[in-house]
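So the structure is just underneath, and the comments pick up after that.
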2 protein chains.
Amino acid sequence: MELDKYDRQILNILQTDGRISNQELADRIGLSPSPCLRRVRALEEGGLVVGYRALLDAKALGLTLMALIHISMDQHTPERFSTFEAAVAGIPEVLECLLITGQAADYQLKVVVKDLDAYQELLLKRITGIAGVSGVHTSFVLRRVVDKTAFPVGEGR
Amino acid sequence: MELDKYDRQILNILQTDGRISNQELADRIGLSPSPCLRRVRALEEGGLVVGYRALLDAKALGLTLMALIHISMDQHTPERFSTFEAAVAGIPEVLECLLITGQAADYQLKVVVKDLDAYQELLLKRITGIAGVSGVHTSFVLRRVVDKTAFPVGEGR
DNA sequence: TCTGAAACATGACATAA
DNA sequence: TTATGTCATGTTTCAGA
């Protein structure tokens with residue numbers, strides 16, 4: 001899919017303000033509303049725009065503890081992996097699960113909980129018990145220096 | 001800030017569909033539009049809702065490589081940290097920068113780039129050169145098993 | 001690009017818990 | 001008193017010309 005200057009501007013603006021009205025969006029990119037909306041629809045249907053989300057403040061929700069959990073598996077079989085993946089996908093506190101290389105670990109999870117007690121309970125009751133999990137190492141997040149959802153989209157301007 | 005049943009429903013729906021109309025939102029939580037909109041505004045002004053974002057598809061944008069970069073600093077002085085943080089905050093490819101404990105590293109960066117060449121260039125030209133960076137270790141992301149922006153907004157807390 | 005119908009946002013106000 | 005529902009008004013969306 002080819003993106004021109006307008007498409008890139010649209011994507012950059014929507015990554016910043018997902019609730020902007022089509023009229024204002026059209027104004028800001030210097031196009032009239034109709035073609036602007038057509039482009040937005042095309043970007044959505046083309047799969048470039050996956051969806052629109054409200055972002056919440058973790059602290060305001062009482063979720064003050066974020067941790068990275070590095071997990072290694074005993075065997076590298078498809079069954080082990082799919083069991084593990086299905087299990088973590090069902091845990092609301094797990095925001096991210098990445099299959100990674102370059103470390104002792106196989107997976108990195110990112111989790112949020114309200115405090116250390118909740119963390120311990122999550123780890124012991126929901127994670128270490130998953131079949132195949134052999135090693136677990138936790139890093140606590142002291143501060144989120146950068147936390148963006150916006151991917152870099154070319155020149156757009 | 002106290003959240004009742006309606007507030008939690010609103011947050012959960014907005015975390016899934018950030019562009020839902022107020023009328024449909026009101027329908028889905030079983031309230032009429034006015035009080036529903038008042039609650040949304042209160043949640044926004046109370047800082048619970050940080051903003052609304054369109055989420056894009058990294059692959060569709062040609063950003064096929066995601067990596068975690070673990071970084072250790074030579075000295076743990078405030079100057080080192082603020083220099084580093086200001087530098088990474090200005091790099092569009094850096095989606096996340098976490099100050100962490102529990103590892104050899106001090107920071108974990110999450111970056112997206114189009115390929116290995118772009119990765120190498122990012123690392124050598126923009127990251128290893130920052131004052132104070134003494135150790136760098138890269139983990140490549142093979143697959144994103146779970147990737148959510150939604151925090152758990154549960155019943156009891 | 002323009003236009004008009006339908007859907008929507010939003011505030012005033014009356015009302016019920 | 002606090003939160004809700006109803007209604008009226010202006011705005012936005014969006015398809016067809």
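To find a chain, count down the sequence lines: A is the first, B the second, and so on, and within it residues start at 1.
A salt bridge between B/D4 and B/R39 is present, with a side-chain N of the basic residue lying under 4.0 Å from a carboxylate O of the acidic one.
For the pair B/K5 NZ and D/dA3 P, the computed distance is 15 Å after rounding to whole Å. Atom CG in B/N22 sits roughly 15 Å away from atom C1' in D/dC7 (whole-Å rounding). Distance A/E44 CD to D/dC14 C1': 13 Å, rounded to the nearest Å. Spacing between atom CD1 of B/I10 and atom C1' of D/dT4 amounts to 13 Å, rounded to whole angstrom units. In this structure, B/R19 atom CZ and C/dA9 atom P are separated by 11 Å, rounded to whole Å. Here C/dC8 presents its P atom at 5 Å from CD of B/Q23, a figure rounded to the nearest Å. A straight line from CG of B/L31 to C1' of C/dT10 spans 15 Å, rounded to a whole angstrom. D/dA3 atom P lies 13 Å from atom CD of B/E2, rounded to whole Å.
Listed nucleotides: D/dG5, C/dT1, C/dC8. Nearest to the side chain of A/R38: C/dT1. Distances were taken from every side-chain heavy atom of A/S34 (C-beta onward) to each of C/dT10, D/dA15, D/dG5; the shortest belongs to D/dA15.
In this structure, B/R39 reaches the D/dT4 phosphate: one of its side-chain N or O atoms is under 4.0 Å from OP1 or OP2. Applying the 4.0 Å criterion to OP1 and OP2 of C/dT10, one finds that B/R41 has a side-chain N or O inside that range.
Taking 4.5 Å as the limit, every side-chain heavy atom of B/K59 sits out of range of all side-chain heavy atoms of A/L48. The shortest distance between side-chain heavy atoms of A/V153 and A/Q15 falls below 4.5 Å.
At a cut-off of 3.5 angstrom, counting only N and O atoms as typed in the model, there is no donor on one side facing an acceptor on the other between the side-chain of A/S32 and the base of C/dC2. Side chain A/S21 to base D/dT13: no donor-acceptor pair is found below 3.5 Å.
B/K114 NZ: 12 or fewer foreign heavy atoms inside a 6.0 Å radius.
Among the atoms of the strands shown, base atoms are found under 4.0 Å from some heavy atom of A/P35.
Under 3.5 Å, the side chains of B/Y119 and B/E93 contain no donor-acceptor pair of N or O atoms.
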